[in-house]
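Quick notes on the structure that follows.
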Amino acid sequence: MKVFEEKKVNIFKILSEAISEGIVIVNEKQEIVTSNDAADKMFGYETHELLGEKLDILIPKEYHRSHPKQVGEFLKKSDSRQMGHGRDLYGKRKDGSTFPVEAGLNPFEINGSKYVMALVTDISVRKNQELEIIEFNLSLEQKIEERTKELKKTIKELKEEVSKRKEAEHKIKESLRKERELNELKTKFLSLVSHEFKTPLSGILTSATLAGKYTETAQQYKREKHLKTIQSKVKYLNNILNDFLSIERLESGKTNYKFDTVALSKVVNEVIYNSNMLLKDGQKINYPRNIDNITINFDEKILELSLTNLINNAIKYSSESTIIDVVVTPKVDAVEIEIIDQGMGIPQQEQKFIFNRYFRAENALLDQGTGIGLNIVKSHLENLGGTITFESEEGKGSTFTISFPTKINID
Ligand code: ADP
């Protein structure tokens, strides 16, 4: 029996020395009673050097406080278990250095005394490998992040490039469109000159020829009549030319607006005075009476062009012996001017096209015209923050209303 016991001890010794894990056995007082070669080497001790030492000697200081309590509780429960669940465990070598371990605790009893056998594995290599993997993953993630950033940057640059190109394309298309419109304008102008200028020019020629024939002093009034005709037809042609120049400037973006402080009556009177030459027999323009003391700050040329177009239209599209009212209403920081005629009016179904360039209503085709006046008035006024609207009934008359922003001074 003793032989067998001794053999058992020897077998245990051989086994414990043969395995690579460290074996440390402690008693209830947590004193080391046995350690195998692997454990001694792992912790840096000579053979038997650990015997009688407190278990604490193998545990880093920071774990001392919690450890005895854990081992005590463990001895009470007496079941085997793996230590360090969910947190890293460390062992302490003789030289004070620490290293990561994994420990399994196995309680047992001999002759009524309780012991715990700790199976300790040095997991430095595995930990290092884990660390390397973590670091490798981290650097991989970093690289991916950098690449993603670079990619995003490239995509952003590409998008910018695309939008720049689109913008350039848009500009080219826009300038092509303008060029096409200007060409169209020139073509229109040429055909207009050949048609629209013919009648007034031959009228001018006739009047000039006739005026030359009246040589007697008594025939002065006849001469004056013809000279007036010449003046009015020249004015008419001049207005058409001005309208065309205006479109050309609007289209090529060369319009320069110039704001001046002007007496409103000066502009209105000048326009009406010039339009008087175009009046048909019995036609009359009613001046606004309330404008003598009003000064405005606006582009004089644009106001003149707008009023000229509207008043000339009122004359042109109304018959003899009709009245044209010019009504001025000063508002807060704006002026509103209405041109009211008793003319042919604009057919309801054509009213929506009236501001389109070159558009002329069916009922106006017998009168001379180009269809550009209202279009440029609208463009200019809108460029300057103003508006133009109208109300019209066929056979009854039309009211065109312009409104533009301006500081008003009333003396
Ligand atoms: P134009 O008078 O040279 O034809 P406008 O642009 O000034 O060109 O006017 C466009 C069209 O609007 C005219 O052809 C005409 O049909 C209509 N129109 C403008 N003013 C009046 C008005 N006071 N009464 C009737 N029709 C008008």
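Both ligands and their constituent atoms are indexed starting at 1 by order of listing. Positions are given from 1 along the sequence. Note that this is a predicted model, so its numbers are computed, not measured.
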Taking only non-hydrogen atoms of [X], do any sit less than 4.0 angstrom from ligand 1?
{"X": "Phe400", "answer": "yes"}
{"X": "Gly343", "answer": "no"}
{"X": "Phe390", "answer": "no"}
{"X": "Lys316", "answer": "yes"}

Shortest protein contact, [atom] (heavy atom only):
{"atom": "atom 6 (O) of ligand 1", "value": "Leu374 N, 2.8 Å"}
{"atom": "atom 26 (N) of ligand 1", "value": "Ile346 CG1, 3.3 Å"}
{"atom": "atom 13 (C) of ligand 1", "value": "Tyr317 OH, 3.4 Å"}
{"atom": "atom 11 (C) of ligand 1", "value": "Phe359 O, 3.7 Å"}
{"atom": "atom 17 (C) of ligand 1", "value": "Ile354 CD1, 3.8 Å"}
{"atom": "atom 3 (O) of ligand 1", "value": "Thr370 N, 2.7 Å"}

Evaluate salt bridge (Lys or Arg N to Asp or Glu O under 4.0 Å) for Glu174 paired with Lys171, printing each intermediate quantity in order. CA-CA 5 Å; Glu174 189 59 17; Lys171 272 189 190 155; over 6 Å; no
Heavy-atom distance under 4.5 Å between the side chains of Val326 and Ile285, does that happen here? yes
From atom 20 (N) of ligand 1, work out which of Asn363, Asn309, Asn313 has a heavy atom at the shortest distance. Asn313
Considering Ile324, Asn239, Ile315, Asp341 one by one, which has a heavy atom nearer to atom 23 (N) of ligand 1 than any of the others?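 Among Ile324, Asn239, Ile315, Asp341, the closest heavy atom to atom 23 (N) of ligand 1 belongs to Asp341.
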What I want to know is whether [X] and ligand 1 share at least one N or O pair that is separated by under 3.5 angstrom.
{"X": "Arg360", "answer": "yes"}
{"X": "Gly369", "answer": "no"}
{"X": "Gly373", "answer": "yes"}
{"X": "Ala361", "answer": "yes"}
{"X": "Gly371", "answer": "yes"}

Using a 3.5 Å distance criterion without hydrogens, assess whether the side chain of Lys54 forms a donor-acceptor pair with backbone atoms of Lys29.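 Side chain of Lys54 to backbone of Lys29, a donor-acceptor pair under 3.5 Å: yes, one is there.
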Geometric class of the [Y]/[X] ring pair [parallel <30°, tilted 30-60°, perpendicular >60°]:
{"X": "Tyr214", "Y": "His226", "value": "parallel"}
{"X": "Phe355", "Y": "Phe400", "value": "perpendicular"}
{"X": "Phe359", "Y": "Phe353", "value": "tilted"}

Pull out every atom of ligand 1 sitting under 4.0 Å from any heavy atom of Ile372, numbered as shown with elements.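 Within the 4.0 Å cut-off of Ile372, ligand 1 contributes 6 (O), 8 (O).
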Output yes when [X] and [Y] qualify as a salt bridge under the 4.0 Å nitrogen-oxygen rule, no when they do not.
{"X": "Glu160", "Y": "Lys164", "answer": "no"}
{"X": "Arg126", "Y": "Glu102", "answer": "yes"}
{"X": "Glu224", "Y": "Lys228", "answer": "no"}

Heavy atoms of other groups near Leu366 CG, more than 12 under 6.0 Å: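 Counting neighbours around CG of Leu366, 12 or fewer heavy atoms of other residues, nucleotides or ligands fall under 6.0 Å, so no.
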With no hydrogens and no angle check, do the side chains of His380 and Ser246 hold a donor and an acceptor under 3.5 Å apart?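 Per modelled atom types, His380 and Ser246 side chains form a pair under 3.5 Å.
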